[in-house]
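Input: a single structure, listed below in C-alpha cells.
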Amino acid sequence: MNCDLVKQNIVFYVYDELADDARYEMEQHLGRCQTCAGELKQARDFRADMSSAPHAQLEPSPNFLAASRMRLQESLETTEQRQGWRRWVFDPVAWLHQVRFAPALAAAIFIFGFAGGVVATFQSRHSGVAETTSTAGSPTEASIAGIREIAQEPGSNKVKISYDRLQPSWKEGSIDDPAIQQLLLYAARNQTNSGVRVNSINLLSQQGDDSRVREALVFALRYDKNPGVRLKALDGLQAYVKDDTRVRDAIIEALLHDSNSGVRTQAIRMLQPVKADSTVRGAFDHLAKEDQNVFIRKEAKRVLGSLPEID
Amino acid sequence: MPTEAVLRLGGGCTTTFPRVRGHMVSQALSRVDDNALIREAQRGNRVAFEDLVRHYDHAVLRLALRLTGSEHDAQDIYQEAFLKAYRNLGSFRFECSFYTWIYRIVTNLCLDHLRKRQVRKEDTAVTVNQEGSEYNLLDNVADDRAVFNPERDLMRRELGRKIGLALNRLTPRERMVFELKHYQGLKLRTIGEMLSTTEETAKNTLFRATQKLRGALAEMR
C-alpha cells in the first residue's frame, strides 16, 4: 500500500469502515511511514474535535419528548391508515413469516387440515354427498366466535355457512414452560379481566431476565387502565432500572404522567437509586417546581436535596 | 475521489443499530417484538403503533433536532414522519427493519428541510423555541466539566461555533451522511439503504464531507 492510497482511505480507517485485509495492510504501512502516521493523528484529532463539540451532546429534553408524543397522539386519533389493495392480496412470504413465529399454530392447522381431509374423503366416498357437513354438531350461539361466509346454492334452498367456534381449553405446566409463558404474555396484554392481568403480571415478574417479559411489563405500565396492574408491572421492573434505560424512561414517564398518585410515588421510590442520571434529575426538577400534587412536589424536592449541587 | 483508489469496504450486516445510550443490544433483541407490533398496527391497533413509536422516537427526535437546530422544526419533522409511517404502514413488507424504514422517512424529511433552508440561507446557530423566543440551542448544552474549568468551556464553545459554521457549509446530503456516520454511528451500508443509494455513493459523500470539514476547521484556526 502506498502513501496516496493511505491518504484517501485514512478517514474510513478512523471510522471503522475498512475490510480486515485492507485494515491490516494500512496498519503495516502506518507502522513504517512517519508521514502517514501523522496523517492518522490528524484524522483522529478531527474525529475527537467533532465529538467534543456541544453539537454532539444536543439531546431532546424529557419534557420536549413528552410534548412531541402528546402532539403525535392527538393527531393519530384523527388519522386513518391507507387501506391499499395489497391488504387484500394473500402474501405467502408474510404468511410464512407468521407461521415461523407460531409453530404451535402451524402444527394445529396442519393436523386439523389433514383430519378434515380424511373425514371429507371418507364421507364423500361412502355417502356420495358432495358437501362437507359440520364436524362439531349443531352450533349453539354461545360457542360461535364469528360467521365467515354465507352462500346459497343457486336454485335450491340449501345454504352453506362457514363459522368459527370458540373451544374452551386449559393448559397446565411449569412456569418455565414456553407455552405457559406465551399464554401469560398474551393474558398480560389482551385480557379484559384486570384480575387475570394482575396474576399474569405477577407471575411474569418472577421470571428471569427475558426481553419479552420486560416488554410486556413496560407495556402494562404504559397502557394498562388498572392502577393495580401498573403497580405490579412497576414491581416487576425494579431489577432493570439501573441497567436498562428504556425501562428507566418508561418509569420516568409514569412518574410524570400517570393518573394515579400511588403509581407515581412508587416510581419516585424506584428512581432514587439512579437519581444522578440527568434525565431523572430533570424529571424531579420539573415535578418539584410544577406538579400539582403537594406530596409529589415534596418528595421530588427531597430527592433533589439529597443530590450534590452541580452548578 | 477516484473510485479505483478506494479500498474495499468492510462487509456489515444489512441493518446496523446506532450506539444510542447503550441500546444496541436491547434494540436487536426487540426486533422480533417490533415485527409483532407492526403486524398488530397493520391490523389497525393504534396502541401497538404507539408502542412501536416509543422504541424509536427519541432517536428520531434527536436526529431531527441536530439537523434542524430548532425544536419547532424538529417536532414538525417528528410528527410528519410518524404520521406518514402510520398512514403507509400497510405497505411495509418486512423487507428491511422498521428502524431503517422510519429513518428513511425521517432523513428524506430532514433533507427537504435542509434544502429549503439552504435556499433561504438561514443560520442554525440562533433558533426559535416553541414559545417563539430566540436563543442558541447549543448554549443550553450542559457540560459538567465546565464547572471546574471556565477557560476550557470558552474554548469548547468557540470550537462548537466553528464546527457549526463548517457543518452549515456542507451540502444537505453531505451533512446527512456525516451526521449518520459520525454522530449516530451507523455503517455506510445502512446509510446507503436509508438514503436509497449505494454504499459506494455514501462512502464518497462521507469522504467529501470530512475533507470539507477538515479544510474549514483548518481555515478558522
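Order of the sequence lines sets the chain letters (A, B, ...), proteins ahead of strands, with each chain counted from 1. Everything numeric here is computed off the predicted structure, so don't read it as measured data. Below, all heavy atoms of this structure are taken into account, side chains as well, without hydrogens, waters or symmetry copies.
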Self-check item: A/Phe46 versus B/Thr210, closest heavy-atom pair with distance
Solution: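 That would be CE2-CG2, 3.9 Å.
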Spacing of [atom1] belonging to [X] relative to [atom2] belonging to [Y], to within rounding of 0.5 Å:
{"X": "B/Leu188", "Y": "A/Asp16", "atom1": "CG", "atom2": "CG", "value": "10.5 Å"}
{"X": "A/Leu58", "Y": "B/Leu63", "atom1": "CG", "atom2": "CG", "value": "11.5 Å"}
{"X": "A/Arg69", "Y": "B/Leu61", "atom1": "CZ", "atom2": "CG", "value": "9.5 Å"}

Practice problem: Could I get the full list of side-chain hydrogen bond (donor to acceptor under 3.5 Å, both in side chains) partners for B/Gln211, not counting sequence neighbours? | Solution: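 Applying side-chain hydrogen bond (donor to acceptor under 3.5 Å, both in side chains) to B/Gln211 gives none.
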Quiz item: What pairs with A/Glu74 under side-chain hydrogen bond (donor to acceptor under 3.5 Å, both in side chains), at least two apart in sequence or on another chain?
Solution: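 So A/Glu74 forms no side-chain hydrogen bond (donor to acceptor under 3.5 Å, both in side chains) with any residue.
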Residue [X] versus chain B: region with a heavy atom under 4.5 Å:
{"X": "A/Ser51", "value": "both"}
{"X": "A/Ala43", "value": "both"}
{"X": "A/Glu253", "value": "side chain"}

Are [X] and [Y] within salt-bridge range, i.e. N to O under 4.0 Å?
{"X": "A/Arg222", "Y": "B/Glu50", "answer": "no"}
{"X": "B/Arg54", "Y": "A/Glu215", "answer": "no"}
{"X": "A/Arg71", "Y": "B/Asp76", "answer": "yes"}

Quiz item: In terms of the angle between their ring planes, are B/His182 and A/Tyr15 parallel, tilted or perpendicular, with boundaries placed at 30° and 60°?
Solution: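 The arrangement is perpendicular - the two ring planes meet at more than 60°.
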Does a side-chain heavy-atom distance below 4.5 Å link [X] with [Y]?
{"X": "A/Asn9", "Y": "B/Phe207", "value": "no"}
{"X": "B/Leu167", "Y": "A/Met50", "value": "yes"}
{"X": "B/His58", "Y": "A/Leu65", "value": "yes"}
{"X": "A/Leu76", "Y": "B/Phe82", "value": "no"}

Practice problem: Could you verify whether a donor N or O on one side chain and an acceptor N or O on the other, from B/Gln79 and A/Ser68, lie under 3.5 Å apart? | Solution: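 No pair is found: no donor N or O on one side chain lies under 3.5 Å from an acceptor on the other.
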